[in-house]
J.: 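Sharing a structure here in structure tokens format.
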Amino acid sequence: MKDATIERIRKFTDDRDWDQFHSPENLAKSIVIESAELLECFQWDNENFDINAVKEELADVMVYCQNLADKLGLDPDEIINAKMEKNEKKYPVDKAKGKSTKYDKL
């Protein structure tokens, strides 16, 4: 996420004094709830979905993820890149390309 976007999310929360409600547990719950709403966009038809609804729900998930990262003092780029390094080792291209098999079954 761009710094300006992150700052906008922070300002939105600060302006409303909502940080008091943003415990890690509450934010994790909110991520799950919004993720379920995102999944609901595809509930009955995974080809003819409302892209605007998908964008709205995906944005909600991302905002809550940013809020949780802030609450825990984590840098999103750092934790994503660390996870990608692990994933690249767990799913080497020569074994995983074109497969949806879990890493321990490759």
Side-chain angles (χ1 to χ4, degrees):
M1 249 185 269
K2 294 180 182 177
D3 288 342
T5 303
I6 292 169
E7 289 305 317
R8 186 174 187 179
I9 293 168
R10 290 174 179 155
K11 182 176 183 334
F12 180 87
T13 300
D14 290 344
D15 286 352
R16 288 153 183 81
D17 193 25
W18 285 354
D19 188 62
Q20 63 182 312
F21 308 114
H22 287 184
S23 67
E25 179 184 6
N26 285 346
L27 291 168
K29 288 176 187 176
S30 295
I31 292 167
V32 171
I33 291 164
E34 294 300 337
S35 297
E37 291 178 11
L38 175 59
L39 185 58
E40 187 177 29
C41 294
F42 304 99
Q43 185 172 10
W44 304 117
D45 189 344
N46 62 359
E47 293 179 15
N48 300 305
F49 52 86
D50 180 348
I51 191 65
N52 289 320
V54 170
K55 289 184 337 186
E56 295 253 339
E57 299 306 335
L58 183 57
D60 287 342
V61 171
M62 295 170 75
V63 167
Y64 278 120
C65 287
Q66 177 57 49
N67 284 334
L68 182 57
D70 272 351
K71 180 56 70 173
L72 298 175
L74 302 173
D75 179 307
D77 285 331
E78 185 179 305
I79 64 174
I80 289 169
N81 283 308
K83 182 62 176 180
M84 290 305 300
E85 284 180 32
K86 283 185 171 184
N87 287 344
E88 288 163 354
K89 291 175 184 168
K90 284 172 36 177
Y91 294 95
V93 174
D94 62 322
K95 291 183 179 180
K97 189 170 186 171
K99 300 176 184 172
S100 61
T101 310
K102 189 171 176 183
Y103 70 94
D104 60 349
K105 304 285 188 224
L106 288 173

J.: Listing request: all side-chain hydrogen bond (donor to acceptor under 3.5 Å, both in side chains) pairs with a residue in residues 35-44, at least two apart in sequence or in separate chains.
T.: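 Non-adjacent pairs meeting side-chain hydrogen bond (donor to acceptor under 3.5 Å, both in side chains): zero.
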J.: Given the rule that I, L, V, M, F, W and Y join up when any side-chain heavy atoms are under 4.5 Å apart, are Met1 and Phe12 in one cluster?
T.: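 Hydrophobic grouping puts Met1 apart from Phe12.
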J.: Test of understanding: with salt bridge (charged side-chain N to carboxylate O under 4.0 Å, His left out), list the residues that count as partners of Lys11, not counting sequence neighbours.
T.: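 So Lys11 forms a salt bridge (charged side-chain N to carboxylate O under 4.0 Å, His left out) with Asp15.
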J.: Can you list everything that forms a side-chain hydrogen bond (donor to acceptor under 3.5 Å, both in side chains) with Gln20? Sequence neighbours excluded, please.
T.: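 So Gln20 forms a side-chain hydrogen bond (donor to acceptor under 3.5 Å, both in side chains) with Asp17.
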J.: Would Leu74 and Ile31 show up in the same hydrophobic cluster when neighbours are defined by side-chain heavy atoms closer than 4.5 Å?
T.: yes
J.: For Asp70, enumerate each residue passing the side-chain hydrogen bond (donor to acceptor under 3.5 Å, both in side chains) test, keeping only those at least two apart in sequence or located in another chain.
T.: Arg10, Gln66
J.: Could you see if Ile9 belongs to whatever hydrophobic cluster contains Tyr64? Use Ile, Leu, Val, Met, Phe, Trp, Tyr and a side-chain cutoff under 4.5 Å.
T.: no
J.: Quick check: is Ile79 connected to Leu72 through a chain of hydrophobic side chains (ILVMFWY, heavy atoms under 4.5 Å apart)?
T.: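 Per the 4.5 Å side-chain linkage, Leu72 and Ile79 are co-clustered.
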J.: Restricting to salt bridge (charged side-chain N to carboxylate O under 4.0 Å, His left out), what partner residues turn up for Glu25, sequence neighbours left out?
T.: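 Glu25 satisfies salt bridge (charged side-chain N to carboxylate O under 4.0 Å, His left out) with Lys29 only.
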J.: Please identify each residue that fulfils salt bridge (charged side-chain N to carboxylate O under 4.0 Å, His left out) with Asp75, with sequence neighbours left out.
T.: none
J.: Name every donor-acceptor pair, under 3.5 Å, that has one atom in a side chain of residues 91-106 and the other anywhere in the protein, sequence neighbours excluded.
T.:
from: Tyr91; atom 1: OH; to: Tyr103; atom 2: N; distance (Å): 3.3
from: Lys99; atom 1: NZ; to: Lys95; atom 2: O; distance (Å): 3.3

J.: List in chain and number order the residues that pass side-chain hydrogen bond (donor to acceptor under 3.5 Å, both in side chains) with Asn81, two or more places apart in sequence or in another chain; answer none if no residue qualifies.
T.: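 For Asn81 there are no side-chain hydrogen bond (donor to acceptor under 3.5 Å, both in side chains) partners, ignoring immediate neighbours.
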J.: Strictly by ring pair (Phe, Tyr, Trp, His ring centres under 6.0 Å), give each pair with a member in residues 22-42 just once, sequence neighbours left out.
T.: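 Sorted pair list: Phe42-Phe49.
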J.: Tell me every residue that passes side-chain hydrogen bond (donor to acceptor under 3.5 Å, both in side chains) with Asp3, counting only those two or more places apart in sequence or in another chain.
T.: none
J.: Suppose we screen for side-chain contact (heavy atoms from CB on, under 4.5 Å). Which residues come up paired with Lys83, at least two apart in sequence or across chains?
T.: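 Per chain and number, Lys83 pairs via side-chain contact (heavy atoms from CB on, under 4.5 Å) with Asn87, Lys90.
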J.: Pairs of donor and acceptor atoms involving the side chains of residues 50-61, under 3.5 Å and at least two apart or interchain, shall be tabulated with distances.
T.:
from: Asp50; atom 1: OD1; to: Asn52; atom 2: N; distance (Å): 3.0
from: Asp50; atom 1: OD1; to: Ala53; atom 2: N; distance (Å): 3.3

